[in-house]
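Each chain gets a letter, A, B and so on, in the order the sequences are listed, and its residues count up from 1. A quick note: this is a predicted structure, and the numbers were derived from the prediction, not measured.
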There are 2 protein chains.
Amino acid sequence: MNDQKTGAVSMDYTDILTKIRRIIRSVNLESKRIEKEYGISIPQLLALNYLKTRNNFQASHKEIKDYLQLNASTITGIISRLEKKGLVARLPKQNDRRVGMITITARGAELLGKTPAALHERLSIKLQTVAPEQLQKLQDSFDTIINFLEIEDLEAAPIFTDEVNEVK
Amino acid sequence: MNDQKTGAVSMDYTDILTKIRRIIRSVNLESKRIEKEYGISIPQLLALNYLKTRNNFQASHKEIKDYLQLNASTITGIISRLEKKGLVARLPKQNDRRVGMITITARGAELLGKTPAALHERLSIKLQTVAPEQLQKLQDSFDTIINFLEIEDLEAAPIFTDEVNEVK
DNA sequence: TAAAAATAGTTTGTATAGAAACTATTTTTT
DNA sequence: AAAAAATAGTTTCTATACAAACTATTTTTA
């Protein structure tokens, strides 16, 4: 199936970059909207939600970091802001005194109870207007994107092609 | 909404959100890498590149804003940083004294000459490892995502039903 | 056991990004 | 012509996000 389309394929890398940036922007706007409506951002909400699912409602800084896949310093900021709002609390250090455990507060859980909708609401409603097959295709594409975006060593990258790189 | 699907489709909205965030993160990391290597970020590079394509190599603040589709205040920051590096210059206001024109400098053009690769290089190389059909699917999916992410009034949103959206 | 290395978090500095409030103009209404 | 509204940008504030440098602790190695 070669796409020797006569121009349809002129849509190239720059296009993809541009599109990705538009998506990023949309998601950011969505996040800000939620932040304004609920006083809490999506990253904060994700962290809070993670804590709620945990044993004893607590997790270490590192665990949150690994879960959200963000830089340690970014996590520090998110936790600090949640702490300032009284939605989480930092616990005193124990055995390994390098490890800081964070826990969700009653107030945090309460807020979470009010906003399961937040995460879903708008985006979900939109997604529900998309048919299942479409959704599946979306998923596949996301996986593809994620796959190659996260390939680190290009040399070792698996080449899935034959007569491909006619990429102009 | 009946999700009586047996698992394959259990991959749902939260997943999509998570995946989008991973993509965002990758693109951001890419941007930082370029910034470190060339002393200029992708948004800055895009703005600079836009100026280069323009008549007399200049554009108004608003035009840049519309092109990059960013908030006015964000543009101010980007332009200011480019100005500080001597890659663009703010021109004195003319007829309509509200309008500020920005122009690219020789140094800016020179840098641009050195970095067409930047935008392409890494991402392009990666994209070249993706087969054309795959790429097409990616494009389609991006369009779908962008479409529904940017639908503002849900009520008025076109509902794509089951058989319609065979988009490909 | 003392030095070196690794691990966990924080701090500092920088960029993107947007909202809200503000200034300065220009255009439209009244 | 004066008042109101719209437009163009900037400033200030806040959040995400990362890297680099740093502190404190623990583990490994010599």
Side-chain angles (χ1 to χ4, degrees), chain A residues 20-48 59-66 68-85 87-88 90-102, chain B residues 20-48 59-66 68-85 87-88 90-102:
Chain A
I20 289 177
R21 299 203 80 80
R22 284 179 74 188
I23 292 171
I24 291 175
R25 187 153 183 270
S26 277
V27 173
N28 282 341
L29 285 175
E30 189 67 22
S31 181
K32 302 241 160 158
R33 202 159 8 194
I34 286 174
E35 192 175 346
K36 208 173 153 191
E37 223 171 303
Y38 299 91
I40 190 174
S41 70
I42 288 186
Q44 286 171 30
L45 209 48
L46 291 173
L48 211 55
S60 70
H61 190 284
K62 186 184 188 310
E63 285 170 329
I64 298 174
K65 181 196 127 190
D66 289 344
L68 293 182
Q69 297 204 66
L70 295 171
N71 190 285
S73 57
T74 304
I75 300 296
T76 299
I78 291 171
I79 300 301
S80 295
R81 281 181 288 275
L82 283 171
E83 194 185 26
K84 204 176 289 177
K85 291 180 221 166
L87 305 177
V88 306
R90 284 182 160 98
L91 300 178
K93 299 189 175 173
Q94 294 207 298
N95 315 356
D96 188 332
R97 311 203 326 169
R98 289 170 304 183
V99 178
M101 298 298 282
I102 294 106
Chain B
I20 290 178
R21 298 205 80 81
R22 284 179 75 188
I23 292 171
I24 291 174
R25 186 155 183 269
S26 277
V27 172
N28 282 340
L29 285 175
E30 190 67 20
S31 181
K32 303 241 158 154
R33 201 156 13 193
I34 286 174
E35 192 175 347
K36 209 173 152 191
E37 223 171 304
Y38 298 92
I40 190 174
S41 69
I42 287 184
Q44 287 171 30
L45 208 48
L46 290 173
L48 211 55
S60 70
H61 191 284
K62 186 185 188 311
E63 285 170 328
I64 297 175
K65 181 196 127 187
D66 290 343
L68 293 182
Q69 298 203 65
L70 294 172
N71 190 286
S73 58
T74 304
I75 300 297
T76 300
I78 291 171
I79 300 302
S80 295
R81 281 182 288 274
L82 283 171
E83 194 185 26
K84 204 176 290 176
K85 292 181 221 168
L87 304 176
V88 307
R90 284 182 160 96
L91 300 179
K93 297 188 175 175
Q94 293 207 299
N95 314 355
D96 188 333
R97 311 203 324 167
R98 291 171 301 185
V99 178
M101 299 297 282
I102 293 106

Got a list of side-chain donor-acceptor pairs under 3.5 Å for residues 72-79 of chain A, not counting sequence neighbours?
unit_1: A:Ser73; atom_1: OG; unit_2: A:Asn71; atom_2: OD1; d: 2.8
unit_1: A:Thr76; atom_1: OG1; unit_2: A:His61; atom_2: NE2; d: 3.2
unit_1: A:Thr76; atom_1: OG1; unit_2: A:Ala72; atom_2: O; d: 3.2

To the nearest 0.5 Å, what is the distance between NZ (A:Lys93) and OG (A:Ser60)?
-> 11.0 Å
Please round to the nearest 0.5 Å and tell me the distance separating atom CZ of B:Arg90 and atom CD of B:Glu83.
-> 4.5 Å
For the helix from C:dT1-D:dA30 to C:dT30-D:dA1, what angle lies between the axis at the first five pairs and the axis at the last five pairs, to 10 degrees?
-> 0°
Give me the first and last nucleotide of DNA chain D, going 5' to 3', that has any atom under 4.0 Å from a heavy atom of chain B.
-> D:dA6 to D:dA20
Give the rounded distance in Å between these two atoms: OH of B:Tyr38 and C1' of C:dT14.
-> 21 Å
Which comes earlier along DNA chain D counting from the 5' end, the contact point of A:Ile78 or that of B:Asp96, where each point is its nearest nucleotide?
-> B:Asp96
Value for CG (A:Leu87) from CZ (A:Arg81), rounded to nearest 0.5 Å, stands at 12.5 Å
May I ask you to verify if any side-chain N or O of A:Thr76 is less than 4.0 angstrom from the OP1 or OP2 atom of C:dT10?
-> yes
Classify the nucleic acid contact of A:Lys62 as base, sugar-phosphate or nothing, counting any heavy atom under 4.0 Å across all strands shown.
-> sugar-phosphate
Roughly, in whole Å, what's the span from CZ in A:Arg81 to C1' in C:dT11?
-> 14 Å
Closer than 4.0 Å, any side-chain N/O of A:Arg98 to the OP1 or OP2 of C:dT10?
-> no
Within this structure, what is the NZ-to-C1' distance between B:Lys65 and C:dG18, rounded to whole angstrom?
-> 12 Å
Have a look at B:Ser80 and say if it touches a base, only the backbone sugar-phosphate, or nothing, with a 4.0 Å heavy-atom cut-off.
-> nothing
Distance-only, no hydrogens or angles: does the B:Lys85 side chain make a donor-acceptor pair with backbone N or O of B:Gly39 under 3.5 Å?
-> yes
Interatomic spacing from CZ in A:Arg97 to CG in A:Asn95 - rounded to 0.5 Å = 11.0 Å
Roughly how many Å is it from CG in B:Leu68 to P in C:dT16, rounded to a whole number?
-> 11 Å
Please give, in whole Å, the distance from C:dA19 P to A:Glu37 CD?
-> 14 Å
Measure from CG on B:Leu48 to P on C:dA15 and round the result to the nearest Å.
-> 15 Å
Starting at the 5' end of DNA chain C, which residue's closest nucleotide do you reach first, A:Ala72 or A:Lys36?
-> A:Ala72
Please confirm whether any donor atom in the side chain of B:Ser73 sits under 3.5 Å from an acceptor in the base of C:dA19, or the reverse.
-> yes
By nearest-nucleotide position on DNA chain D, the 5'-leaning member of A:Asn71 and A:Arg97 is A:Asn71
Where is the tightest heavy-atom contact between A:Leu68 and A:Pro43, given as atom of each residue plus distance?
-> CD1-O, 4.1 Å
State, yes or no, whether a side-chain contact exists between B:Ile102 and B:Leu82 at a heavy-atom distance under 4.5 Å.
-> no
